[in-house]
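Accompanying notes for the structure given below.
Order of the sequence lines sets the chain letters (A, B, ...), proteins ahead of strands, with each chain counted from 1. Values in this document were obtained by computation on a predicted structure and should not be read as measured data.
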Number of protein chains: 4
Amino acid sequence: MQRPDEKKRQLIVATAAKMFAARPFHKVRLDDIAAEAHLGKGTLYVYFDNKEDLYISLIYDGFERLVENLRRELSATAADGSLLPAAEALRRAVDALVGFAFAHPHLFEMMRNVGEIKRLHAGEWKAKRQEFMELIANTIRRGVENGELTDQNPEMTAACLGGMVRSIMLFGPRDLGEREVAAQVYRLIGHGIIKRPCGKPQ
Amino acid sequence: MQRPDEKKRQLIVATAAKMFAARPFHKVRLDDIAAEAHLGKGTLYVYFDNKEDLYISLIYDGFERLVENLRRELSATAADGSLLPAAEALRRAVDALVGFAFAHPHLFEMMRNVGEIKRLHAGEWKAKRQEFMELIANTIRRGVENGELTDQNPEMTAACLGGMVRSIMLFGPRDLGEREVAAQVYRLIGHGIIKRPCGKPQ
Amino acid sequence: MQRPDEKKRQLIVATAAKMFAARPFHKVRLDDIAAEAHLGKGTLYVYFDNKEDLYISLIYDGFERLVENLRRELSATAADGSLLPAAEALRRAVDALVGFAFAHPHLFEMMRNVGEIKRLHAGEWKAKRQEFMELIANTIRRGVENGELTDQNPEMTAACLGGMVRSIMLFGPRDLGEREVAAQVYRLIGHGIIKRPCGKPQ
Amino acid sequence: MQRPDEKKRQLIVATAAKMFAARPFHKVRLDDIAAEAHLGKGTLYVYFDNKEDLYISLIYDGFERLVENLRRELSATAADGSLLPAAEALRRAVDALVGFAFAHPHLFEMMRNVGEIKRLHAGEWKAKRQEFMELIANTIRRGVENGELTDQNPEMTAACLGGMVRSIMLFGPRDLGEREVAAQVYRLIGHGIIKRPCGKPQ
DNA sequence: CATGAATGAGGTTTCATTCAT
DNA sequence: TATGAATGAAACCTCATTCAT
């Protein structure tokens with residue numbers, strides 16, 4: 001007797017991620033995923049309810065990992081045990097985000113359809129997205145409180161971050177390196193592009 | 001692109017936009033669009049080659065209008081006939097972008113899948129997107145040249161803008177007004193969120 | 001433009017009847033029905049919701065015709081406009097039943113699963129079956145009232161009739177003629193409930 | 001037909017009977033039977049070759065028991081060792097039939113598809129059904145020979161019996177008692193074929 | 001013997017597209 | 001031009017059966 005195998009689930013998810021990233025949902029056939037994973041078609045249905053469930057799980061799993069990465073980075077502490085300066089934390093968040101985008105371009109690309117998912121799995125998804133937003137927004141709020149940062153609407157800023165990275169990946173110049181992208185995003189979010197004459201507050 | 005009955009074409013486009021915005025491509029049936037538009041299914045094929053053509057045309061048309069909006073705003077001249085200051089031009093670009101997003105949420109939401117389209121209609125699309133990018137990037141470059149702005153990679157910044165707006169619309173706090181969104185985006189892109197002590201260059 | 005064609009519906013029904021009679025439900029493929037009827041597979045779905053709907057419709061249509069036959073026979077009147085004697089009416093009912101069984105063996109055979117259908121389309125079916133029962137039971141009751149017949153439970157008797165015919169067709173000796181079957185059923189049912197005056201042998 | 005664990009085989013048969021009676025063959029999944037019986041799916045295959053074998057065995061076993069019941073009843077002898085009068089034997093047959101129908105409604109209901117089975121296991125089944133028919137038909141013939149009964153076609157009459165009971169159970173009035181059903185069937189069948197001496201009302 | 005994860009042939013069903021009217 | 005009945009390729013999914021454990 002065999003037991004449901006987490007390894008196999010991972011194999012399916014990874015294979016599916018590759019396929020779904022390369023072509024739109026309705027052009028990906030489960031037959032192909034099964035073949036690519038060297039599994040029987042029915043096996044997919046042992047681990048997932050249906051095509052959509054597989055798709056959603058895929059993205060959700062990825063997003064979950066991303067949130068974990070973020071949490072780890074943002075909860076890092078300095079030598080003395082205190083939290084990192086907000087600006088430093090923000091840089092790490094950007095790095096984590098961009099790093100994830102480069103490490104899992106499939107997943108990142110697919111998160112475009114998050115709007116669709118929200119309709120289907122509102123509950124779980126909303127909670128996880130809330131986590132994501134809170135991690136960043138709270139960091140910004142902390143910075144605002146201790147005078148490091150200034151932001152009239154940390155929530156909006158948090159919401160922006162993902163979109164910035166995604167847009168650059170999709171529409172920006174070709175062949176950008178991870179470093180460059182992270183640096184540019186951090187510059188934009190951090191200082192913007194308008195030269196401010198000294199002493200003139202924003 | 002003039003067809004027998006431009007009114008009818010518009011009706012189809014508008015109906016389709018509504019449907020495609022509400023559900024993903026593969027869940028929208030031509031039957032549904034035809035029914036919703038009170039037209040025969042075959043009529044759709046008088047005006048569009050196939051489902052994908054309809055979908056692409058939809059987004060392309062929308063994007064085209066957006067680009068025209070942008071061009072109009074960015075080519076505005078001051079009383080003396082000179083171009084607007086770059087910062088002011090940028091503000092107008094952000095306003096145009098956000099205004100469009102609020103005016104055509106369906107279209108804006110659908111542009112999420114622009115990546116998909118790129119694969120299909122690389123040619124036309126690439127040119128149009130190039131226009132979009134150039135409009136913004138050139139404005140930034142102009143500002144950099146005349147000392148108003150500073151940006152190490154105007155192309156990336158240009159690429160960012162759309163994503164920022166979209167992210168805020170999708171993931172940001174509920175019930176945001178057009179003004180608020182435009183203001184926040186402009187603040188972020190313009191000055192960022194890090195308080196800079198006077199005299200300390202970025 | 002073509003209009004939904006009642007002729008085509010009949011063609012589908014007739015073809016399906018043949019197939020479903022020859023093999024059990026789960027061994028009949030819609031592919032086969034479509035091929036046999038020289039129609040596209042999808043055409044079946046223009047006229048019926050799904051396989052089960054086709055199956056049910058099939059039997060229901062047949063049963064409906066049977067009930068109409070019965071009604072015609074039982075409402076026949078003598079030369080003077082009065083209803084037929086109950087015994088005569090009963091004979092006609094049996095003839096109609098057996099005639100139908102011989103004319104539409106497919107349908108009659110399939111009505112075996114009426115129990116199944118009841119669960120699915122309780123409403124319509126129940127009403128139609130009620131009609132069937134009432135036609136026979138009322139005839140018997142009329143005979144009882146005017147002294148022709150005697151039956152302690154006309155409803156049960158009515159319920160019996162179909163089963164008798166079906167059993168004979170299925171399990172009785174081979175190569176029975178319509179006449180023989182009708183005669184035997186009538187003898188069984190008839191002499192059980194017809195008061196025979198003394199001395200008059202059956 | 002003894003298997004490793006006869007108890008377990010019985011459990012499977014009983015569970016399957018319940019399921020097959022409630023829904024048609026193609027809607028009963030072996031998964032469901034296994035789950036309902038708290039057994040592994042594979043275990044079913046230890047005791048039966050395949051789904052159809054299970055189904056057939058089920059009905060065949062039931063029918064076999066019914067035939068045994070009938071044989072016992074019909075071979076009963078009077079105090080003096082002679083066989084029972086034909087009319088009395090017939091009554092017992094009807095009682096046995098109705099009793100079985102009430103005791104095993106699942107099985108009885110399933111025998112609807114006996115026609116189907118005939119095609120599949122013609123051999124064994126034909127023999128067993130022949131036994132059933134002979135038991136009844138011979139009893140009738142005996143009655144005819146000794147003047148108790150009159151029947152032009154005992155085989156047809158025998159074939160009828162099962163159908164009568166089944167029809168009443170399925171389509172007759174609700175909430176009939178075993179007694180009532182048996183009585184009515186006996187009256188119908190009996191008074192049709194029993195010579196009634198003059199002046200003796202039914 | 002008992003199990004249930006794995007399988008994949010083959011089923012039902014969908015729906016973009018065609019074309020006769 | 002406008003229609004929607006007809007089509008059938010191709011998709012998703014089921015589930016009887018197998019077999020490693």
#### Entry: Residues C/Arg129 and C/Glu124 bridged, charged N to O under 4.0 Å
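No.
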
Within-4.5 Å side-chain heavy-atom neighbours: [X] and [Y]:
X: A/Tyr55; Y: A/Phe48; value: no
X: C/Leu54; Y: C/Ile33; value: yes
X: C/Leu44; Y: C/Lys51; value: no
X: B/Val13; Y: B/Tyr47; value: no

### Task
Let me have a per-nucleotide readout for nucleotides 10-15 of chain E, 5' to 3', with B, S or -, counting only protein heavy atoms under 4.0 Å.
BSSBBS

Tell me the interatomic distance from [X], atom [atom1], to [N], atom [atom2], rounded to whole angstroms.
X: C/Leu39; N: F/dT7; atom1: CG; atom2: P; value: 5 Å
X: C/Asp32; N: F/dG8; atom1: CG; atom2: C1'; value: 15 Å
X: B/Phe48; N: F/dA2; atom1: CZ; atom2: C1'; value: 16 Å
X: A/Glu6; N: E/dA6; atom1: CD; atom2: P; value: 12 Å
X: D/Lys8; N: E/dT3; atom1: NZ; atom2: C1'; value: 10 Å
X: D/Arg9; N: E/dA2; atom1: CZ; atom2: P; value: 14 Å
X: B/Tyr47; N: F/dT1; atom1: OH; atom2: P; value: 8 Å
X: D/Ile33; N: E/dT3; atom1: CD1; atom2: P; value: 15 Å

Salt bridge (charged side-chain N to carboxylate O under 4.0 Å, His left out) involving [X] - partner list, sequence neighbours excluded:
X: C/Glu64; answer: C/Lys128
X: C/Arg9; answer: C/Asp61
X: C/Arg29; answer: C/Asp32

#### Entry: Dot-bracket line, read 5' to 3' along DNA chain E, where crossing pairs take [ ] and | marks a partner on another strand, Watson-Crick or G-U under 3.5 Å
.||||||||||||||||||||

Ignoring hydrogens and angles, write down the donor-acceptor pairs under 3.5 Å from the side chains of residues 15-22 of chain C, residues two or more places apart or on other chains.
unit_1  : atom_1 : unit_2  : atom_2 : d
C/Thr15 : OG1    : C/Leu11 : O      : 2.7

### Message
I want to confirm an ordering. Mapping D/Leu44 and A/Gly40 to their closest nucleotides on DNA chain E, which one lands closer to the 5' end?
### Response
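Checking each residue's closest nucleotide, the 5'-ward one belongs to D/Leu44.
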
